[in-house]
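Here the structure is laid out as structure tokens; the discussion comes afterwards.
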Amino acid sequence: MHQQHKQLWNDACGHLKETLPNDIFNKWIAVIQCKEISGDRIILVVGNDFYQSWLEEHYLPLIKNALAVVSGRTFELELTVDYNLSSEPAVQEPESARDRVRSILNPKRAPEVKTNLNKNYTFDSFVVGPSNQFAHAASMASAQSPSRAYNPLFIYGGVGLGKTHLMQAIGNFILSKKERGKICYTTSEAFLNEYIEALQTNSLAKFRKKFRTVDALLIDDIHFLAKKERLQEEFFHTFNAIFENHKQIVMTSDRPAGELDGLAPRLVSRFEWGLVVELENPDVETRVAILRKKCEQLDLSIDPDIVFYIAERISSNIRRLEGALIRVASYASLTGQKVDHAKLEYLLRDTLDQEKKLAISIESVQKTVADHYDLRVGDLLGPKRPKNIAWPRQVAMYLSRTMTDQSFPVIGSAFSRNHATVVHACKAVEKEKSRDITLRQTLSLLQQRIGQQTQNADKSIL
Ligand code: ADP
Ligand code: MG
């Protein structure tokens, strides 16, 4: 980077150092690296998602301000993540004469192989529980004897349940061995982009060589291939070449190959040749263990009560679970205040809201509304439309729309109607609501009941 730019960033850090408490500066600002300044845009880099989300939420305005103070200009900031960045503070003290002598006497060790793997995604940092032990064991076996244990290994599961983590753990494990082979980790999207570039630049041969001569191909988010025929064709040949060379293939997907719409049958069958494993939603004990591990890694000390509270409430996505932990930890570290339950609810309101929406089903809305109006659920779904049924039906549609994450078409089909009917129902209830206080009370009562029902259902699972 330009010397002048470096200076600008160092000056801004100097300013922040003066304005912030030391430990906060060291923990959150010193870990940032300035990657690029072009025009009025500054690209900053941190070593993991936690720093990114935390800084974005709490410190961007302050950093912007510091840059403005030292430069007299305003900048647009962009925070990016580079997993290979160490989390050591990036702002360095001036090198002392003694350090310089030392570094000349002890030249740095040979550089490690450069990969695009996240070094933190290892088997060590992966918490094993009933929801993932099979996937974990299969991944371990594949890492220990690539191409001999299970080939291909196909890992599937919902968003944020650890697919990328496990896949990269395999890569990191193979690389840590003495006779490490050539590993290629890529996402299906990056594979597509490289393919297109190869087509445009007439370098298909090079592209093919790159992917077909690896010892292990780790290809993430393979569901992305669905409905892309040309890409599937190319991947088909890549797959065959690697497989015939007796090299390892690992894939992840958000659902089983057979359920991917628009995936060629010959690919589906190949994807099922080896072992197919699923990552499920972790149970509450596993969630607590994951949070504890995260606290350890990030050196956070958080009340066990609070850890348990977060683990209990957030169950569908581990990334979200970690996000909640960071939010709470940063609040505590920023304000120095103790976090009580009311504060927790407030800090996590958006996340909790999303979780609740996930948990509430259209069926539970239908049931509660039918009960309230003394009807049967079948009445709500049937073809009749006398007023005493039509109105409750509209209310149920409205609540389905506002209390779940489902789309109009999905709600429509749950009521055996089309999506326009649901849109119309929502508008009608909205309108009525604005002028009818009794309706507002009824709606809030129904919302409460539906929420309670879902909570009770949750508890019976635990
Ligand atoms: P996916 O690829 O399935 O969307 P990721 O692998 O990106 O999910 O996982 C999301 C986050 O959750 C990552 O930070 C990952 O380290 C963490 N994570 C997932 N499962 C575990 C686990 N079993 N133990 C520890 N961390 C986990
Ligand atoms: Mg992923």
Side-chain angles (χ1 to χ4, degrees), residues 46-54 81-85 87 116-140 142-143 153-173 184-192 217-226 250-257 259-260 276-300 302 307 310-311 314-327 329 351 354-355 358:
V46 287
N48 62 46
D49 311 358
F50 306 112
Y51 283 125
Q52 185 193 33
S53 61
W54 186 85
V81 179
D82 176 355
Y83 293 112
N84 291 315
L85 211 69
S87 0
N116 52 354
L117 294 174
N118 176 348
K119 278 183 287 185
N120 299 324
Y121 286 170
T122 60
F123 286 120
D124 271 349
S125 62
F126 192 84
V127 175
V128 183
S131 57
N132 60 28
Q133 62 189 10
F134 186 40
H136 172 262
S139 303
M140 273 289 238
S142 294
L153 176 64
F154 189 97
I155 305 169
Y156 75 90
V159 181
L161 292 184
K163 299 183 295 294
T164 299
H165 187 140
L166 258 189
M167 168 177 257
Q168 297 209 8
I170 298 176
N172 279 316
F173 185 91
C184 177
Y185 167 82
T186 186
T187 62
S188 303
E189 195 172 350
F191 184 81
L192 171 68
L217 175 66
L218 313 176
I219 183 152
D220 213 349
D221 295 329
I222 200 90
H223 50 262
F224 182 78
L225 254 57
V250 183
M251 292 173 279
T252 70
S253 166
D254 66 357
R255 72 201 76 166
E259 285 176 26
L260 288 171
V276 177
V277 290
E278 181 180 3
L279 285 171
E280 291 170 79
N281 280 0
D283 58 17
V284 69
E285 288 84 2
T286 311
R287 303 201 296 272
V288 169
I290 289 172
L291 288 177
R292 290 219 181 111
K293 186 128 204 164
K294 240 12 315 156
C295 287
E296 236 172 67
Q297 279 170 356
L298 295 173
D299 199 16
L300 304 170
I302 296 188
V307 169
I310 298 174
I314 301 173
S315 62
S316 63
N317 178 330
I318 298 171
R319 189 174 300 122
R320 207 180 270 164
L321 191 68
E322 294 177 345
L325 180 77
I326 296 304
R327 186 182 300 246
T351 316
Q354 285 164 341
E355 285 286 318
L358 268 181

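Ligands are counted one by one from 1 in listed order, and the atoms in each one are counted from 1 as well.
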For [atom], grab the closest protein heavy atom and report residue, atom and distance to one decimal in Å.
atom                    : value
atom 7 (O) of ligand 1  : R319 NH2, 2.7 Å
atom 4 (O) of ligand 1  : G160 N, 2.7 Å
atom 21 (C) of ligand 1 : F126 CE1, 3.8 Å
atom 25 (C) of ligand 1 : S125 O, 3.3 Å
atom 12 (O) of ligand 1 : I318 CG2, 3.2 Å
atom 13 (C) of ligand 1 : Y121 OH, 3.6 Å

Which is it for [X] and ligand 1 at heavy atoms under 4.0 Å: side chain, backbone, both or neither?
X    : value
V127 : both
E322 : side chain
N132 : side chain

Does an N or O from G162, backbone or side chain, lie closer than 3.5 Å to an N or O of ligand 1?
->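 Yes, G162 has an N/O under 3.5 Å of an N/O on ligand 1.
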Counting backbone and side chain alike, does M167 bring an N/O/S atom below 2.8 Å of the Mg ion (ligand 2)?
->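 So M167 does not bind the Mg ion (ligand 2) by this criterion.
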Ligand-side contact atoms (ligand 1) for residue partner G158, heavy atom cut-off under 4.0 Å =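 The atoms of ligand 1 under 4.0 Å from a heavy atom of G158 are 3 (O).
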For R320 and I314, indicate whether the former's side chain and the latter's backbone hold a donor-acceptor pair under 3.5 Å.
->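 Checked: no pair found.
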Minimal non-hydrogen separation, [X] against [Y], with atom names:
X    : Y    : answer
L153 : A138 : CD1-CB, 3.9 Å
V46  : Q52  : CG2-N, 3.8 Å
A143 : F123 : CB-CE1, 3.9 Å
V127 : N132 : O-ND2, 3.1 Å
D254 : L260 : OD1-CD2, 4.1 Å
S253 : F154 : CB-CZ, 3.5 Å

Would you mind finding which of Q297, R320, H165 brings a heavy atom closest to atom 6 (O) of ligand 1?
->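 Checking each option, the heavy atom nearest atom 6 (O) of ligand 1 is found in H165.
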Could you state the interatomic distance from CZ (F173) to CG (L117), rounded to the nearest 0.5 Å?
->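 These two atoms lie 14.0 Å from each other.
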Any side-chain donor paired with an acceptor under 3.5 Å for D221 and T187?
->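 Result is no, nothing qualifies.
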